Each structure stands twice: as C-alpha cells, then as structure tokens.
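The structure displayed is predicted, hence computed values, not measured ones. Reckoned from all heavy atoms, side chains included, excluding hydrogens, waters and symmetry mates.
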Amino acid sequence: MPRRLAAVIRARGGPTNYSTMFNGITQTADEKKIVQFLTTKQEEENMSTYMALAKKCFGDCTSDFTTKKVTEKEEKCLGRCVKKFLLVSERITKRFQEHNALQDVFNQPMRKL
C-alpha cells in the first residue's frame with residue numbers, strides 16, 4: 001500500500017524526486033548535501049502524509065474489531081476517505097502554488113513604461 005499511495009501522490013502533482021532533478025549535472029559537495037537534505041525532507045513529508053491518511057481513515061472507518069476481516073462497509077468508507085484526502089491535498093497544493101505565483105508577481109520590481 002505505501003508504494004501505491006506514494007505513486008498516486010506523485011501522479012496527482014505531489015512532491016517531485018529531488019535526487020533526479022540534477023541527473024547529468026556535475027554537482028559540488030554543497031549541492032550534493034542540499035539534494036540529500038531535500039530528499040530526506042521529501043521522504044519525511046511523504047511518510048507524514050501517509051501516516052496522517054492512515055490515522056484519519058482508520059479512525060473514521062474502522063469500528064468493528066470482532067473479526068480480522070475488513071467489512072464491505074469499512075472498505076467502501078476507506079476508499080472514499082482516501083480519495084477525499086488525496087483530492088483535498090491536491091487542491092491545497094494547487095492553492096499554495098497559486099499563492100506563491102502571485103507573491104512572485106508582486107515581489108517583482110516595477111517596470112517603466
């Protein structure tokens with residue numbers, strides 16, 4: 001499940017893989033440290049997202065512990081929960097990107113006409 005979830009997050013515009021951004025480019029030692037730091041932060045963010053998703057959906061959808069089998073009701077609930085979580089995450093990411101783009105526009109120096 002974690003690999004599939006990570007693939008879905010990436011497919012929906014989630015974090016990129018920083019270690020592949022510099023393929024074919026000679027890097028200094030400092031640049032390698034930065035890439036390693038960003039890669040580590042990306043992995044932490046992915047795990048944090050996965051753990052938040054698991055905690056939220058498990059807590060909301062699982063209530064019957066008398067059997068080890070997942071019920072049909074729980075399975076449907078989990079599917080809806082995961083889908084909603086990913087859609088909301090995608091929407092928040094897009095809003096941050098829009099906000100950052102606007103900030104970049106407003107931070108540019110004024111041009112003379």
For this session: Test T93 against E90 for side chain to side chain contact (heavy atoms under 4.5 Å, CB included), laying out the working first.
Result: CA-CA 5 Å; T93 300; E90 177 183 17; 5.7 Å; no

Exercise. Can you find a pair of side-chain heavy atoms, one from E98 and one from L102, that are under 4.5 Å apart?
Worked result: no

Exercise. Does some side-chain heavy atom of E74 sit less than 4.5 Å from a side-chain heavy atom of T71?
Worked result: yes

Exercise. How close do C61 and L78 get, heavy atom to heavy atom, and via which atoms?
Worked result: SG-N, 3.5 Å

For this session: Write down the atom of L53, the atom of V82, and the distance for their closest heavy-atom approach.
Result: CD1-CA, 3.9 Å

For this session: Determine yes or no for a side-chain-to-main-chain donor-acceptor pair under 3.5 angstrom, with T39 supplying the side chain and V35 the backbone.
Result: yes

Exercise. Side chain of E43, backbone of T40: donor and acceptor closer than 3.5 Å?
Worked result: no

Problem set entry | Of all pairs that satisfy salt bridge (Lys or Arg N to Asp or Glu O under 4.0 Å), the ones with a partner from residues 61-70, not counting sequence neighbours | none

Enter the distance from [X]:[atom1] to [Y]:[atom2] here, rounded to the nearest 0.5 Å.
| X | Y | atom1 | atom2 | value |
| --- | --- | --- | --- | --- |
| C77 | F58 | SG | CZ | 11.5 Å |
| L87 | I92 | CG | CD1 | 11.0 Å |
| K33 | L38 | NZ | CG | 14.0 Å |
| Q103 | N100 | CD | CG | 7.0 Å |

Seminar exercise, completed: By salt bridge (Lys or Arg N to Asp or Glu O under 4.0 Å), K84 pairs with (sequence neighbours left out) none

Problem set entry | By salt bridge (Lys or Arg N to Asp or Glu O under 4.0 Å) - contacts of R91 (at least two apart) | none

Exercise. Does the distance from a Lys or Arg side-chain N to an Asp or Glu carboxylate O, for K41 and E45, drop under 4.0 Å?
Worked result: no

Exercise. Would E72 and K76 pass as an ion pair if we require N to O under 4.0 Å?
Worked result: yes

